[in-house]
Amino acid sequence: VVRVGLCSTPMFNVLLGLANPKFDLGVMITASHNPGIYNGFKLTRGDCLPYGLGSGLELVRDAMPDSVPVLPEDGLGAATVADDPSALDRYVDHILTLADLPADMPEMKVAIDAGNGMAGYVVPKLLERCPWIKAETLYMEPDGNFPNHEANPLKEETLDALKNKVKETVAVCGIAFDGDADRVGFVDENGEQIRGDLLTALFAGMVLRGKSDGLVLSDTRASWTVPQSVATAGGKLEWCKVGHANIKQKMRETGAVFAGELSMHFYFGNLWNVESGDYATLVLLKELASTGKKLSFMRHELTHYHHSNEINFEVKDTKSVLQKVTDLYTPKATTVMDLDGIRCEFGDPAKDPQAWWFSVRTSNTEPLVRLCLEATTKELME
């Protein structure tokens with residue numbers, strides 16, 4: 001057993017990747033972006049593939065005894081436990097090597113909100129190695145009580161302080177991490193949030209440069225902009241079920257170069273198919289520096305349609321609601337996808353000024369039905 005101590009999820013995954021095949025298993029104690037009462041174990045194979053339902057977690061569940069045996073005080077037997085004091089440095093070294101930043105990166109002012117999560121442990125080390133980043137930081141002290149706001153950049157109400165800091169300091173962008181720092185959200189220089197699916201389209205274009213036929217994966221809640229942008233960049237798109245265990249497995253099976261989710265998980269094929277908000281940040285800043293474009297301009301280039309974002313409904317019987325929606329809408333749809341809940345499309349936006357689509361899926365963990373909807377006009381979307 002090797003203990004790395006405090007870590008973010010990207011740091012945990014990259015350390016496993018760098019050491020492969022030294023370890024058989026990785027175990028991280030985390031509540032992700034949830035309050036601390038939801039703490040649990042994230043289990044990962046030594047080759048960075050997570051254990052989820054359908055990929056091994058059910059075997060762990062079924063093997064659990066009815067009562068947990070009490071180990072004797074010397075229960076570790078001949079096992080060894082060692083600490084790894086260089087873990088954080090090795091992670092940052094690898095991220096910087098992979099980002100391949102030019103030596104003449106210009107000074108860039110950014111605002112960073114760690115949300116009192118684990119980015120507050122990792123980001124200072126990254127900034128120490130990138131003196132060209134002039135950062136205004138918020139809520140960097142790790143605190144599992146999350147005294148300032150929920151560490152969830154998907155929710156726009158958590159970004160108020162970051163938006164104000166961006167405008168106050170005239171930063172090129174704002175960066176917000178979730179609790180375990182695998183998800184990252186961005187606001188442009190005007191303080192406008194950029195949706196996760198538009199960021200998927202943006203990163204896909206960067207990753208596909210030089211990989212003309214690369215494969216990109218996206219979850220089914222994403223805007224029409226994502227497949228259109230991937231095609232423009234010369235790549236191919238496949239839809240995938242929501243969830244990191246599903247996406248990482250499919251990336252490995254298909255050789256995908258990148259994947260993104262509306263929830264702001266961004267997976268890189270050159271990083272063992274795992275997420276890293278730190279790496280995504282460097283990739284974006286490198287793009288801003290090399291193109292001279294403002295992030296608001298990039299966002300505007302990708303905003304062609306009107307998307308509702310994800311709306312949650314608490315219902316008693318999620319399966320019956322999903323069935324009713326399926327029965328009512330699939331006969332009228334021009335395209336139906338049942339990969340993850342149901343996505344129904346009505347018309348082609350390239351030909352029909354009244355085209356729209358919706359995605360309805362049920363939560364795996366809560367009594368919720370989740371709706372996303374997009375249309376060619378704001379009026380039609382509403």
Next on the checklist: Pairing donors with acceptors under 3.5 angstrom, does anything connect the side chains of Glu189 and Ser296?
Outcome noted: yes
Next on the checklist: Looking only at side-chain N and O atoms, does Asp160 offer a donor or acceptor that is under 3.5 Å from a partner on His149?
Outcome noted: no
Main-chain N/O of [Y] paired to [X] side chain as donor or acceptor, under 3.5 Å:
{"X": "Thr334", "Y": "Glu345", "result": "yes"}
{"X": "Asp197", "Y": "Ser223", "result": "yes"}
{"X": "Ser229", "Y": "Val226", "result": "no"}

Quick check on [X]: does its [atom1] atom have over 12 non-hydrogen neighbours (other residues, nucleotides or ligands) under 6.0 Å away?
{"X": "Lys134", "atom1": "NZ", "answer": "yes"}
{"X": "Glu253", "atom1": "CD", "answer": "yes"}
{"X": "Leu59", "atom1": "CG", "answer": "yes"}
{"X": "Lys294", "atom1": "NZ", "answer": "no"}

Next on the checklist: Do Val207 and Phe266 sit in one hydrophobic cluster, given that two such residues count as connected whenever their side-chain heavy atoms are within less than 4.5 Å of each other, even indirectly?
Outcome noted: yes
Next on the checklist: In this structure, would Phe23 and Leu43 fall into the same cluster of hydrophobic residues linked by side-chain contacts under 4.5 Å?
Outcome noted: no
Cationic N near anionic O, under 4.0 Å, [X] to [Y]:
{"X": "Arg221", "Y": "Asp340", "answer": "no"}
{"X": "Lys293", "Y": "Glu287", "answer": "no"}
{"X": "Lys250", "Y": "Glu238", "answer": "yes"}
{"X": "Lys42", "Y": "Asp180", "answer": "yes"}

Restricting to non-hydrogen atoms, name the atom on [X] and the atom on [Y] that form the minimum distance, rounded to 0.1 Å.
{"X": "Gln193", "Y": "Met264", "value": "NE2-CE, 3.7 Å"}
{"X": "Glu261", "Y": "His244", "value": "OE1-N, 4.4 Å"}
{"X": "Leu288", "Y": "Leu295", "value": "CD2-N, 3.9 Å"}
{"X": "Ala233", "Y": "Gly205", "value": "CB-CA, 4.3 Å"}

Item to check | Side-chain touch Lys248/Pro50, heavy atoms, less than 4.5 angstrom | outcome: yes
Item to check | Geometric cation-pi criterion Arg343 and Trp239, 6.0 Å radius, 45° cone | outcome: yes
Item to check | Option among Trp224, Tyr305, Trp357 that satisfies the side-chain hydrogen bond (donor to acceptor under 3.5 Å, both in side chains) test with Glu374 | outcome: Trp357
Next on the checklist: Taking side chain to side chain contact (heavy atoms under 4.5 Å, CB included) as the criterion, tell me which of Leu282, Thr281, Val123 meets it with Ile133.
Outcome noted: Leu282
Checklist entry - Aromatic rings Tyr329 and Phe346: how do their planes relate, parallel, tilted or perpendicular, breaks at 30° and 60°? => result perpendicular
Next on the checklist: Would you call the rings of Tyr279 and Phe268 parallel, tilted or perpendicular, taking 30° and 60° as the class edges?
Outcome noted: perpendicular
Item to check | Trace of the side-chain hydrogen bond (donor to acceptor under 3.5 Å, both in side chains) decision for Tyr91 with Ser276 | outcome: CA-CA 11 Å; Tyr91 168 69; Ser276 170; 2.8 Å; yes
Next on the checklist: Please evaluate residues Arg61 and Glu58 with respect to the criterion salt bridge (Lys or Arg N to Asp or Glu O under 4.0 Å), reporting the C-alpha separation (whole Å), side-chain torsions for both, the decisive distance (0.1 Å), and the verdict.
Outcome noted: CA-CA 5 Å; Arg61 176 197 63 202; Glu58 69 282 358; over 6 Å; no
Next on the checklist: Determine whether Glu275 and Arg183 satisfy the following criterion, salt bridge (Lys or Arg N to Asp or Glu O under 4.0 Å), listing intermediate values before the conclusion.
Outcome noted: CA-CA 7 Å; Glu275 319 96 303; Arg183 292 191 297 129; over 6 Å; no
Item to check | Full working for salt bridge (Lys or Arg N to Asp or Glu O under 4.0 Å) between Lys125 and Asp89 | outcome: CA-CA 8 Å; Lys125 178 64 71 173; Asp89 284 305; 3.3 Å; yes
